[in-house]
K.L.:
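Structure provided below as structure tokens; questions to follow.
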Amino acid sequence: MDEYKACNLDYFPENILIDVLSYLSVRELVRAGRVCKRWNRLVKDQLLWRFVDLTAWKGVTSRILWLLLRHYLGCGLRCLRLRGLLLSARGGTFLSESWLRSLSTKCPRLSKLYLLHADLRSLHSCQLLPTSLQVLELRGCELPREFFNQTSPSPDPSQERAEATSSVGAQQQGRHRKGKGLASPSGIGIERLVLNNVPSFTDQHLKSLTSWERLSRLELRDTFRVTANGIRKCAAKDGVYGVEGLSRLKFLEIGITGRQGYQLQMASLGLGAGWLGLEELSLGGKEVGPGLLCASRLKNLKCLCLWACTLSEMQIVRSCRLLRGLSQLEFLDVAFQPKQSPPAVEGEGGGSGEEQDNEEAAGVDNSNDENNTVDMNDPIPSLRRSLADLLPSCTLVFTNCSVQISAD
């Protein structure tokens, strides 16, 4: 018994201690590294710094970011979540160009960056972000006007003058530039871009995304300054030099849910021009109605998701008649409107009225029992039957759906 009383954390192997430390937050990890030299070494293990979330740490300044980057963050970092100072009374510069360059050098495997309430107007371009990024998510951020523009690096003037002295060198330079322009990959390797409640995102920013060669998923939530004309101009379509616009885009999400007094300037109406290669479409809130009207123009559409809206069975059936190629139709947080029965006409039916009343009175209990046994994942069985007839090869998914009950 005396041996167990004297036992402490020093007797545990390091892999178990690292598992215990993995349950701590970033702030607690930094404090744990001050206990002793052994803990300081264990805290710096890169297994503890694969997914770093600093959104719960309020008041993170640039000084703290430099401290974390110099002593803790390294090649093991995969996902980084940061909270800016946009809503803080302290204010000040949050992300600097020098810190982003150091982050790109020291964390070459960083693939996902999430920024919350960050003021990015001090950064002239998103090309300052780490080149290893594949997912960029911005929520409640402020953007400069040319943030998403992609600019090619400027050539060295001295090298140009040296090569221009020889005609042969000039011809070789022209052939080299031509071949490089055809085969060089895009400088921005982001494949998924999520914009949630970014009021400064406009049609001009959307137009800049057409130069991103690897962008395959675009999610626009509460970006109320994006118009139907902007969506129409960026749609992938056949042009003079091939497919123009967002040609590599496979997934598009448009949703307006939190904007009060939103005007009838629905961005999803821009889908009416068609979109080559678009396979998945997600519509939410006030964009569902106009989006369903234009979804029939999407020839390659396979998956459709409708969320946070109110729909009627007739509206859904009419829209799905032209979507024969759908393989999955998902309803998420959708409130379905009940069927409206035609009004009864007095005197119609003759003497059988009393018999109908008796049958309805006798079947009240049975109908109540049936309504109580309806599964919440399948709120309208008639809708499922109608869609099964229209889209026999389509998978229907109902998640957290409900049926509106009228006051009458």
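Computed from heavy atoms alone, side chains included, the values below leave out hydrogens, waters and symmetry copies.
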K.L.:
Using distance only, find each side-chain donor-acceptor pair of residues 103-118 under 3.5 Å and give its atom names and separation, not counting sequence neighbours.
P.N.:
{"residue": "Thr105", "atom": "OG1", "partner": "Arg101", "partner atom": "O", "Å": "3.0"}
{"residue": "Lys106", "atom": "NZ", "partner": "Leu69", "partner atom": "O", "Å": "2.5"}
{"residue": "Lys106", "atom": "NZ", "partner": "Arg70", "partner atom": "O", "Å": "2.9"}
{"residue": "Ser111", "atom": "OG", "partner": "Arg78", "partner atom": "O", "Å": "3.3"}

K.L.:
Would you please say whether a donor-acceptor pair under 3.5 Å links the side chains of Thr202 and His205?
P.N.:
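Yes, His205 and Thr202 have a side-chain donor paired with an acceptor closer than 3.5 Å.
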K.L.:
State, with a plain yes or no, whether a side-chain heavy atom of Phe331 is found less than 4.5 Å away from one of Thr399.
P.N.:
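Side-chain contact under 4.5 Å: no.
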K.L.:
Are any non-hydrogen side-chain atoms of Cys234 and Leu209 less than 4.5 angstrom apart?
P.N.:
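No. Closest side-chain heavy atoms not under 4.5 Å.
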K.L.:
Could you report the tightest heavy-atom contact between Leu298 and Leu271, atom names first, then the distance?
P.N.:
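Shortest heavy-atom separation between Leu298 and Leu271 comes out as CD2-O, 4.1 Å.
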K.L.:
Only counting residues at least two apart or in another chain, list the ones meeting side chain to side chain donor-acceptor pair (under 3.5 Å) with Asp119.
P.N.:
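Result, side chain to side chain donor-acceptor pair (under 3.5 Å) vs Asp119: Arg121.
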K.L.:
Mind checking side-chain contact (heavy atoms from CB on, under 4.5 Å) for Ser22 and listing every partner two or more places apart, or none if nothing turns up?
P.N.:
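side-chain contact (heavy atoms from CB on, under 4.5 Å) list for Ser22, sorted by chain: Leu48.
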K.L.:
Is there a side-chain contact between Leu85 and Val60 in this structure, where contact means two heavy atoms from C-beta onward sitting under 4.5 Å apart?
P.N.:
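Answer no - side chains too far apart.
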K.L.:
Take Arg217 and Glu191, measure what side-chain contact (heavy atoms from CB on, under 4.5 Å) needs, and give me the verdict at the end.
P.N.:
CA-CA 6 Å; Arg217 294 176 63 92; Glu191 300 176 1; over 6 Å; no
K.L.:
Report the residues that fulfil side chain to side chain donor-acceptor pair (under 3.5 Å) with Asn197, sequence neighbours left out, ordered by chain and then residue number.
P.N.:
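Testing Asn197 for side chain to side chain donor-acceptor pair (under 3.5 Å), a comparison that skips the adjacent residues, returns none.
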K.L.:
Using the test side chain to side chain donor-acceptor pair (under 3.5 Å), find all partners of Ser282 that sit at least two apart in sequence or belong to another chain.
P.N.:
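Listed in chain order: Trp307.
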K.L.:
Do Arg192 and Glu137 meet the salt-bridge criterion of a basic N to acidic O distance under 4.0 Å?
P.N.:
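Answer for the salt bridge query: no.
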K.L.:
Taking only residues two or more places apart in sequence, or in another chain, which ones meet Arg41 in a side chain to side chain donor-acceptor pair (under 3.5 Å)?
P.N.:
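Scan of Arg41 (side chain to side chain donor-acceptor pair (under 3.5 Å), adjacent residues dropped) gives Glu14.
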K.L.:
Can you tell whether the side chains of Lys302 and Glu280 come within less than 4.0 Å, N to carboxylate O?
P.N.:
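No.
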